[in-house]
Amino acid sequence: MISVVAPAGYRWDPTGRVAAGIRDLIGERLAARPPHAAVVVDRLLHLTGDYRLAALFLRPDTPDSIVRLCERLAATADPHDRARLQHELGRQRFARPGTATVVLAGDLEQVLTAPDGTTCAYVPDPTQQDTVRALLHDFGTGLSEFVESQHEVPGPNARIRQGIVKSWYLPDGTRVVSKRANPAKPGRFAREQRAYHDLATRLAGSVTFGRSRQLQLAPLLATIRDGTTGRVYAIWRWVPGNTVEAMLTAPGDHRPLLHDYRDLMDALLDRGVLWGDLSPRNILVHGGTYHLVDFEKTHVIDDIPVPHPQRVAYCRGQVGIEELGVLCPPEELRACLYGYFDPDSWHLNDSGPVPFPPRPEVTAVLAGRGITTPGLGEYNRVDRQIWQVRAPDRDPLSGKIRYPGLVNFRVEHYLSCAGHDDPGDYDRKATEILIAAREHGCFDATVHALTVFVDEVERQFVTAEVADLLAGNDTEPVTPPYAAIRAFTDCIDVLDAARPDPGRFQAACATLLKELP
């Protein structure tokens, strides 16, 4: 029997239900295979932590040549050799050499605006053009199938994503990350690619900030349009390191890290860069180097440096409450953004207009309350309410730091993954529920209930992914766990309906706690 059923990426589940479900799924396939198959699966999981490889090995329709490659991979100790074998697995499955006419574009716009049926790539580094040309020629019309079959890069708070960001290897074993355009967010991908180009120009050369830290963009290898599917991919070299988010949620003194974060932000602002996704999850730290990824909301402006009033407005946007505010206790947030973010100075009764771009989370709550043109005081009061329920605090039972604001992220994320009609509205409802719970004296119970329900959705998504892989679906989105999704949205709807009445809300919360999955 295999001994490794929950490699590093799946040890987050303290209930053990994910491990048990995956063990059962794999066990069913192993029962019909010779004894050595269990050893191969165990070794694949131990070496790579990727169930895609184990599922490929176990599927009855897998050709013998691919099975033998999986066995070689399981027996290979050298990581670089394994990386080349993983590429070879994909090549043998999907490559159709010479079936696509490949054009190396002279600039990014030629790729972003290319007509249907054109396979083309923009490669900013001329020394990499032969590598990209060979890759595209080799895979031909099978490029998208190859990329979509690769291992998804999970986020720290989202083990299942939407197949947008994948990790794979070039023929020489170089690890890369690819990101494709998200059809649910039209126009964002093109804006990100243009923003990256503008950033690379503005930040050309070595950028040193703060305490001799280095600022670098994740190195872009190519932007590619697959003529067969029309999908566009940006491919970056893999950047090692930990995200700032992971570091902030780990035990320890976070002051030096937050000092670096502030210095990094100022370094960008001093150069006229308003990086709208200055999220701790989009900053990778490796030694003294800080790599930036994800540039969908980035603007490079002519004002150098960015004026102080615009910096204040910038921190009232996503950076303050939505990014740092859900990870840092209020005192750490205030210290990090000192001079830019001062909630004590917010006017709570000012009827004048909001003088900065409103944050979507605030406008959504206001709109849900029937307010479409709020005054500044009204906006500030709601913003303060949101901060109070999303800021980290201590769980009264475990004594550990908890992050209620991340519940909202997971609500919208997993409903989006399930193709729900209006995930954003459930994000708004979850925020209103937490605000009501604070007012009605049952905040801890409500956070616990929402967390348990979204945890169950995540567990079932992860198990469904393995089931899909074993069934042969490794290029399409994961089949959503509809029953768990429905139970979760029902939970939110019940609490949302009970919000106006403290007694009814407390009773609804108590009932849900008794019925937790």
Side-chain angles (χ1 to χ4, degrees), residues 80 83-84 86-88 90-91 95-115 117-144 146-147 150 165-181 189-208 214-241 271 273 275 284 286 289-296 298 300:
H80 197 69
R84 287 197 292 262
Q86 284 181 253
H87 177 86
E88 180 62 16
R91 192 194 68 79
R96 304 182 187 106
T99 55
T101 300
V102 178
V103 176
L104 290 189
D107 59 57
L108 175 64
E109 291 303 316
Q110 289 180 262
V111 174
L112 297 178
T113 61
T118 302
T119 295
C120 55
Y122 170 61
V123 186
D125 181 354
T127 66
Q128 298 300 316
Q129 289 184 353
D130 288 345
T131 298
V132 174
R133 190 196 303 275
L135 178 76
L136 297 181
H137 184 274
D138 201 11
F139 278 96
T141 55
L143 176 68
S144 278
F146 165 72
V147 175
Q150 298 302 306
V165 182
K166 301 279 190 173
S167 173
W168 40 281
Y169 297 93
L170 297 177
D172 64 359
T174 298
R175 190 174 185 181
V176 297
V177 171
S178 61
K179 181 177 182 178
R180 65 168 162 79
F189 182 87
R191 286 198 300 272
E192 178 177 26
Q193 300 314 300
R194 294 181 179 116
Y196 182 94
H197 181 271
D198 292 343
L199 270 173
T201 301
R202 182 64 60 87
L203 303 178
S206 178
V207 176
T208 302
Q214 296 296 314
L215 168 61
Q216 293 184 12
L217 302 183
L220 180 67
L221 179 67
T223 304
I224 295 172
R225 176 181 291 274
D226 175 31
T228 305
T229 63
R231 286 172 170 162
V232 184
Y233 299 93
I235 302 174
W236 284 275
R237 293 185 181 276
W238 176 267
V239 175
R271 290 165 174 79
V273 176
W275 185 26
L284 292 163
H286 183 61
T289 300
Y290 284 60
H291 282 97
L292 311 186
V293 301
D294 203 330
F295 312 98
E296 290 182 358
T298 298
V300 178

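Residues: numbered from 1 along the sequence shown. When reading the values below, keep in mind they use all heavy atoms of this one structure, side chains included, and skip hydrogens, waters and symmetry mates.
Between the Arg202 side chain and the Arg271 main chain, a donor and an acceptor come within less than 3.5 Å of each other. Checking side-chain atoms of Thr229 against main-chain N and O of Arg231 turns up a donor-acceptor pair under 3.5 Å. Using a distance-only test at 3.5 Å, with no hydrogens or angles considered, a donor-acceptor pair links the side chain of Gln110 to the main chain of Asp107.
Between atom NE2 of residue His286 and atom OG1 of residue Thr289 there is a gap of 7.5 Å, rounded to the nearest 0.5 Å. Taken from CG in Leu104 to CD1 in Ile224, the straight-line distance is 9.5 Å, to the nearest 0.5 Å. Rounding to the nearest 0.5 Å places CZ of Arg175 at 15.5 Å from NE2 of His87. How far CH2 of Trp168 is from OG1 of Thr174: 10.5 Å, rounded to the nearest 0.5 Å. Between the CZ atom of Phe146 and the CG atom of Asp138 there is a distance of 9.5 Å, given to the nearest 0.5 Å. Rounded to the nearest 0.5 angstrom, Arg225 CZ and Thr119 OG1 are separated by 9.5 Å.
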- request: Could you check Trp275 against Leu292 for side chain to side chain contact (heavy atoms under 4.5 Å, CB included), going step by step and ending with a plain yes or no?
  value: CA-CA 10 Å; Trp275 185 26; Leu292 311 186; 3.4 Å; yes
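Inspection of the Ser144 and Tyr233 side chains reveals an N or O donor paired with an N or O acceptor under 3.5 Å. With hydrogens and angles left out, the side-chain atoms of Thr141 and Thr99 include a donor and acceptor closer than 3.5 Å. A donor-acceptor pair shorter than 3.5 Å cannot be found between the side chains of Ser167 and Trp238.
Within the 4.5 Å cutoff, side-chain heavy atoms of Val239 are placed close to those of Pro219. The shortest side-chain heavy-atom distance between Phe139 and Arg91 falls under the 4.5 Å cut-off. Residues Gln214 and Thr208 form a side-chain contact, since some pair of their non-hydrogen atoms from C-beta on lies under 4.5 Å apart. Two residues are said to be in side-chain contact when any heavy atoms from C-beta on lie closer than 4.5 Å; Thr228 and Leu143 fail this criterion. Contact annotation: the side chain of Leu170 approaches that of Leu221 to within less than 4.5 Å [non-hydrogen atoms, C-beta and beyond].
Contact detail for Val232 and Phe189: the closest heavy-atom pair is CG1-CE2, 3.3 Å. The two residues Ala83 and Gly173 come nearest to each other via the heavy atoms CB-O, 3.6 Å. Of all the heavy atoms in Pro240 and Leu284, the pair that sits closest is O-CB, 4.4 Å. Of all heavy-atom pairs between Ala190 and Leu112, the closest is O-CD1, 4.1 Å. The two atoms that bring Gly140 and Asp226 nearest to each other are O-OD1, 4.3 Å, heavy atoms only. Closest approach of Trp236 to Ala218, counting heavy atoms only: CD1-O, 3.2 Å.
Partners of Thr127 by side chain to side chain donor-acceptor pair (under 3.5 Å), not counting sequence neighbours, listed by chain and number: Asp125. With sequence neighbours left out, the salt bridge (charged side-chain N to carboxylate O under 4.0 Å, His left out) criterion links Asp294 to Lys179.
Among Glu192, Arg194, Gln193, the one residue that satisfies the side chain to side chain contact (heavy atoms under 4.5 Å, CB included) test with Phe295 is Glu192.
For NE2 of His197, the number of neighbouring non-hydrogen atoms (other residues, nucleotides, ligands) closer than 6.0 Å is 12 at most.
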